[in-house]
Amino acid sequence: MIDVYAIETENLRKEFKNIVAVDDLNLKVNKGEIFGLLGPNGAGKTTTISMLCTILKPTSGKAFVNGYDVVKEQDKVRKSIGIVFQDPSLDDRLTARENLEMHASLYGVKEKKQRIKEVLELVELTEKADMLVKTFSGGMKRRLEIARGLVHHPEVLFLDEPTLGLDPQTRAHIWDYIRDLAKKENITIILTTHYMEEADSLCDRIAIIDHGKIIACDTSEKLKKTLKGESIILKVSDNKKAEKYLDNAKVFDGKIAVYVKNAEKEITKILFKLKRHKIDVYEVSIRKPSLNDVFLALTGREIRDEENNKKLIRRGPWS
Amino acid sequence: MELEAIYTIWLREIKRYLRAKERIISSLAMPIFWFLIFGSGMNIAMRLANTEVKYSDYIAPGIIAMALLFTSVSSGVSVIWDREFGFLKEMLVAPISRTSIVIGKSLGGATTALLQGLMIIGLSALFGVKFSLFSLVSLLPLMLLISIGFVNLGLIIASLMETIEGFQLIMNFVVMPLFFLSGALFPIDNLPYFLKIISLIDPLTYGVDAMRYIVLGASHLPFSISLSIITIFVFITSIIGAWVFNKKQ
């Protein structure tokens, strides 16, 4: 049974001193899928991946990767997966080719030369193969890491925030490579991200994760359909009152969001209703559903807010 | 045994060493000054004291030991850099045992220390120190042994250290005393009692003494005792090194 899934977890849990980082996670990923773990920073995505990659030991629960137990069959799991970490992990005093050669040797790859040639072509780094990695741009390093993760023919490739810190153009490029290799290499890809567009454009299925729990898991289309459709964002004089009188309304960030089937048609009704209850309207905007709205509807927060808050905290008086 | 993995990690150490040419050159500066200024100055002083041994001959084994010590401890400690710049993760998630990583690192670091030591031998020959073929051949395995022990020591310290900032601290408070109290530059006989005790605990003391026996044919302790103590040192640090690395990383 287990063999059907690339990844399967049963009540997977990880606790650090006082924090439950991953809270009884149940996850099933089919072979050949591009599967996304979407959530704000600190939601438990990296911790989940670390357990699946055998870097961290679960506190309790079980996890199987390609049918192998991540605790009892570490080496088998490791041989069958490729990993691209969130932080860089190349040796920048070696050349791109040397980094790949080392990886191939550590994983006991046969026919190294041929395979290295293949993966270099896949990420279009053939011409830069013999340059030192320290001369590479951020995007090139990422591509090289993706290539390295593929050298030993893994069945599952983990990408932890693959485009973090890259500019939008490079990001779009990396997406192309990921789509391309999913097709060419015929593997399962698990990626974590807090970029909505990334999950939306790449993933076959997405698990939205918050506080260590999966709060929704489906295709991007279906997740969006769980919303009433579109949303109308209003800035009004009294949020609480507005929330009471309007159906499917939620307050966030000092504004109010109303979920409706067809925003253009219903906007007049809503404005009329607000006027009748003597609530002033200052601003109105219409938003087509995005994954952000899904997250918002499920948690009452925006993913972006979390990120910004984090940044503010990090830029505090200490730094 | 994961020979291919060990070889891979060994090769990486060698490549990194050979590519840091500026560092190799600057690492030769101190020994040159030592021979040039200290060596020639002290030669006169020693002659006045009616000794037959030239001071430059006396300190040659000490300076070789210094090169071995500095290079091997910093190779061991370089695990901190691997951790800081992420490469350690790549090794840790590979389907190889932690022990193979330690063996690869240890042999790689020791090989670079040996190369560094050979350069100092060449340098001391330039300053008039004479080595017989026999002494050169017997120095090599001894130098390798000493180096392995100190790479392991560096690995152990690095595994216990949380941050990169501690590096300078180690160089100042561990490596320098190990060097100065090893008898590399002067006989430890005349040291005050408590310093002498430290000298006798310092494993490098026995390394220097054994090398001095090979180069000068004279030493404080019998060669067999020095050699045994170094061997025990290598054995103990290997076991602790593998254990700490398995536990901490």
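Side chains included, hydrogens not; waters and symmetry mates left out as well; all remaining heavy atoms used.
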### Task
Identify the residues of residues 105-117 of chain A whose heavy atoms come closer than 4.5 Å to a heavy atom of chain B, ordered by number, or report 'none'.
A/Ser105, A/Leu106, A/Tyr107, A/Gly108, A/Lys112
### Task
Report, by ascending residue number, the residues of residues 72-81 of chain A in heavy-atom contact with chain B at a distance under 4.5 Å; give 'none' if the set is empty.
A/Asp75, A/Arg78, A/Lys79
### Message
Looking at B/Asp82 and B/Arg16, is there a salt bridge between them, counting it only when a charged N and a carboxylate O are closer than 4.0 Å?
### Response
no
### Residue pair A/Gln86 / A/Thr46, side-chain donor-acceptor N/O under 3.5 Å
yes
### Query
Do B/Ser238 and B/Asn152 meet the criterion of a side-chain donor-acceptor pair at a distance under 3.5 Å?
yes
### Stacked cation flag A/Lys141 on A/Phe136, 6.0 angstrom / 45 deg
no
### Task
Could you tell me which portion of A/Leu94 (side chain, backbone, both or neither) has an atom closer than 4.5 angstrom to a non-hydrogen atom of chain B?
both
### Task
With sequence neighbours left out, write down each residue that passes side-chain hydrogen bond (donor to acceptor under 3.5 Å, both in side chains) with A/Trp175, or none if nothing qualifies.
A/Glu198
Of the backbone (N, CA, C, O) and the side chain (C-beta and beyond), which part of [X] lies under 4.5 Å from a heavy atom of chain A, both, or neither?
X: B/Arg19; answer: side chain
X: B/Leu11; answer: neither
X: B/Lys15; answer: side chain

Side chains of residues 116-123 of chain B: which donor-acceptor pairs under 3.5 Å do they make with residues two or more places apart or in other chains?
from     : atom 1 : to      : atom 2 : distance (Å)
B/Gln116 : OE1    : B/Tyr17 : OH     : 2.6
B/Gln116 : NE2    : B/Ser27 : OG     : 2.5

### chain B contacts, top residue of A/His103, A/Glu101, A/Arg148 (heavy-atom pairs, under 4.5 Å)
A/Arg148
Using a 3.5 Å distance criterion without hydrogens, assess whether the side chain of [X] forms a donor-acceptor pair with backbone atoms of [Y].
X: B/Ser97; Y: B/Ser100; result: yes
X: A/Arg143; Y: A/Val123; result: yes
X: A/Thr188; Y: A/Gly32; result: yes
X: A/Glu145; Y: A/Ser89; result: yes

### Message
One pair to check against side-chain contact (heavy atoms from CB on, under 4.5 Å): A/Ile187 and A/Ile189. What are the steps and the verdict?
### Response
CA-CA 6 Å; A/Ile187 57 176; A/Ile189 296 176; 4.2 Å; yes
### Message
Please verify the inter-ring angle class for B/Phe127 with B/Phe35; under 30° counts as parallel, over 60° as perpendicular, anything in between as tilted.
### Response
parallel
